[in-house]
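Positions are given from 1 along the sequence.
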Amino acid sequence: MKNSLFNSNSIVPNAKNFQPSPLRSLGYLLEPKFYCGIVKKSIFMVFFDLFPTQVDVPRQHINLHFSFIAIHHTILILRINQRNEKMREAEQKRREAEEKERQRIAEKKEQLDELHQHQCCYGGVYQQILEAAKKCRDKQALSTKLSGHLGRLRSLNEAMEQLIRHAQNSEVSVTDVKAGCELVQQITDIQQFVQGEVDKINAKEDEAEKKKGQADQKQAKSVENDKSNSKPELTPTSAAIARTHSSAAILVASLKDFGDTGGHVGSQHGLKQPASRTVGVHTEYIDKKQYSHYTDVSDYLGTHWLKRVQLKHSTIEALSSFTFELRRAVNLPLNSISDVSSRHLEDKFVKLSCLLSGKPVEIAGATIVPSRHPQGVPFCQNLLAEKLVNLGELTAKQPKTVFPLAAMVVALWVDFPDFGRLLLAHLYEKCPYLVPMFPPQLESQSDTDYYKSLGYHYSENGEVESQENFLKRMSGIMKLYAAVMVTPVRRRQGKPHPHGLCAGWTWLSSLLNLDPHPDICATMLYEFLEVAGSAMYTAYGKQFQKILYFICKEYLPKIQKISPTSSSGPRVRLETFLQKMLVQGKVPPPSGILPPNFW
């Protein structure tokens with residue numbers, strides 16, 4: 001009975017021959033047969049204690065226990081199978097989620113790469129526009145042709161920068177990629193239009209030169225054949241020159257004996273002789289020579305954009321962190337510039353100078369090296385120029401800060417000419433009246449684009465800023481610009497002034513050759529005379545007195561005619577300043593100017 005009932009080889013599964021299923025993630029411990037064998041052996045041991053082997057066990061008792069074992073065995077297998085099925089489902093869901101995440105990451109990377117390609121393509125097309133404009137032989141005619149597209153081009157640049165900023169702060173979507181593609185297509189259309197206009201203008205110039213050469217040959221032959229002394233007729237070119245000189249003579253005639261300086265101004269101060277400067281051909285809104293200077297500076301800003309675009313709009317975490325460090329390195333010393341002491345100003349100059357030269361600089365306990373990235377130094381140059389112009393807008397409210405800022409600008413401009421060109425470009429972009437330039441509204445130009453071209457700001461709701469705020473910002477920028485002109489170069493640098501009083505004379509004469517505009521012309525002229533008038537009077541003497549005479553007798557009446565009675569504040573301030581100056585017989589120095597040899 002014992003051998004027949006408790007033969008483990010026939011009843012109890014052999015655990016030693018157990019092979020775990022490869023489908024079980026937890027190994028043989030989840031194998032159903034393993035648990036069944038344990039349960040069976042346990043029941044048999046209890047049965048063995050209750051019924052000794054010497055006693056014959058009834059057959060029905062043994063069958064009852066076997067039925068009990070079979071039921072528990074079946075239940076255990078079902079539960080284990082259910083658990084394994086749930087684990088298989090969970091594992092399958094996990095794998096599917098991982099696969100979906102991999103696909104999503106791959107799609108986002110592909111979209112980011114596409115957006116980066118659109119960005120690079122946009123920059124390349126923009127560079128083609130600049131190169132085409134440089135090759136144009138009549139930039140003034142090109143400006144007239146492109147005046148309707150300038151606002152659109154500016155809007156495209158803003159949209160591209162906004163798109164890149166959005167990509168930095170959030171994930172790139174299909175909509176962003178499509179928007180980048182549309183921007184590339186739009187600027188490509190502008191580039192094709194610009195290239196076509198440049199080709200047409202250059203072709204016309206070639207044709208005009210050819211006709212001029214033929215006309216000169218005919219005229220030479222007619223002169224040889226005609227032996228009479230009759231008065232020759234003016235050619236179209238000569239007539240245009242005559243009209244130009246007659247229009248320019250308005251200023252020159254009013255300033256008679258303009259060049260009588262005794263020869264000491266240029267030799268003592270190293271300034272351009274005002275008498276030698278001819279007024280030149282000018283349009284209704286900009287002087288021709290100043291337009292050439294303005295286009296050169298603007299083109300440099302566009303070219304410089306390509307040198308820093310990768311770093312400025314990078315979405316890579318390491319580059320974003322590096323960009324944050326550079327911004328911090330520029331903002332901290334710049335925001336603490338003041339005239340508290342020469343040592344304080346010298347410390348800020350050393351830090352900013354190290355940044356612009358790519359050297360390591362210590363900022364708030366951290367060492368920052370701009371030259372770690374090829375675009376690090378250009379990024380710092382442009383950021384510093386932008387921040388200085390933004391601080392200049394605030395100097396109307398805080399006039400004492402303008403001269404320490406101007407001293408820093410001059411010191412950096414002397415050592416880093418590229419920074420100075422960027423500063424001029426941003427000044428002209430924020431305040432076109434520093435050129436001076438007064439662009440008219442074109443038929444195809446919206447009111448928003450037109451006012452933006454004049455320097456007005458728009459809120460997020462699309463509302464234009466008030467005239468009062470606009471004039472305050474322009475006043476602050478002009479204060480900074482004029483302060484730069486009158487601030488001397490540091491003694492230890494020993495170099496000429498990069499943008500001194502001769503630039504002030506050029507601006508003043510160019511402004512007076514143009515028709516005045518309400519409010520803004522009186523504001524700009526007042527701020528310039530208040531800050532730079534004393535230095536101009538000291539440097540140019542009698543010549544500057546005649547300029548002031550012309551302003552009082554010719555220019556101011558024009559401002560009075562166009563100034564509305566509702567906004568007579570700028571005109572009244574200018575009149576009061578001129579009257580006070582005539583009574584005192586001198587131009588008072590500006591308040592807050594740094595003493596000579598301050599640092």
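- Within the 4.5 Å cutoff, the side chain of Asn157 has heavy atoms near those of the Tyr126 side chain.
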Inset, instruction - With side-chain hydrogen bond (donor to acceptor under 3.5 Å, both in side chains) as the test, would you mind laying out the steps for Asp519 and Gln467 before giving the verdict? - result: CA-CA 9 Å; Asp519 292 345; Gln467 183 74 357; 3.3 Å; yes
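- In this structure the side chain of Ser336 reaches within 4.5 angstrom of the side chain of Lys348, judged on heavy atoms.
- In this structure, Phe550 has its ring center at least 6.0 angstrom away from the ring center of Tyr555.
- For residues 394-422, the pairs satisfying ring-ring contact (aromatic ring centres under 6.0 Å, His included) are Trp413-His499, with sequence neighbours left out.
- Taking the six-membered ring where the residue is Trp, Phe322 and His373 present tilted rings, their angle falling between 30° and 60°.
- Atom CZ of Phe438 sits in a crowded spot, with more than 12 heavy atoms from other residues, nucleotides or ligands closer than 6.0 Å.
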Inset, instruction - Take Lys430 and Asn390 through the side-chain hydrogen bond (donor to acceptor under 3.5 Å, both in side chains) test and state the conclusion after the steps. - result: CA-CA 9 Å; Lys430 283 289 186 73; Asn390 292 339; 2.7 Å; yes
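- Between Tyr481 and Tyr428, the ring-plane angle classifies as perpendicular under the 30° and 60° cut-offs.
- Annotation: Lys108, atom NZ; neighbour count of heavy atoms from other residues, nucleotides and ligands within 6.0 Å is above 12.
- Side-chain N/O atoms of Asp113 and Gln117 include no donor and acceptor closer than 3.5 Å.
- A donor atom on one side chain and an acceptor atom on the other are not found under 3.5 Å apart for Tyr549 and Glu554.
- Lys134 NZ: more than 12 foreign heavy atoms inside a 6.0 Å radius.
- In summary, the aromatic rings of His517 and Tyr285 are positioned with their centroids too far apart to meet the 6.0 Å limit.
- When Arg571, Gln579, Arg573 are each tested for a side chain to side chain donor-acceptor pair (under 3.5 Å) with Glu575, only one passes: Arg571.
- The aromatic ring centroids of Tyr456 and Tyr451 lie less than 6.0 Å from each other.
- For the pair Pro570/Tyr526, no side-chain contact is recorded, criterion being any heavy-atom separation below 4.5 Å from C-beta on.
- Salt-bridge annotation for Glu393 and Lys472: absent, with no side-chain N of the basic residue lying under 4.0 Å from a carboxylate O of the acidic one.
- Between the side chains of Asn469 and Ser466, a donor-acceptor pair is found at a separation under 3.5 Å.
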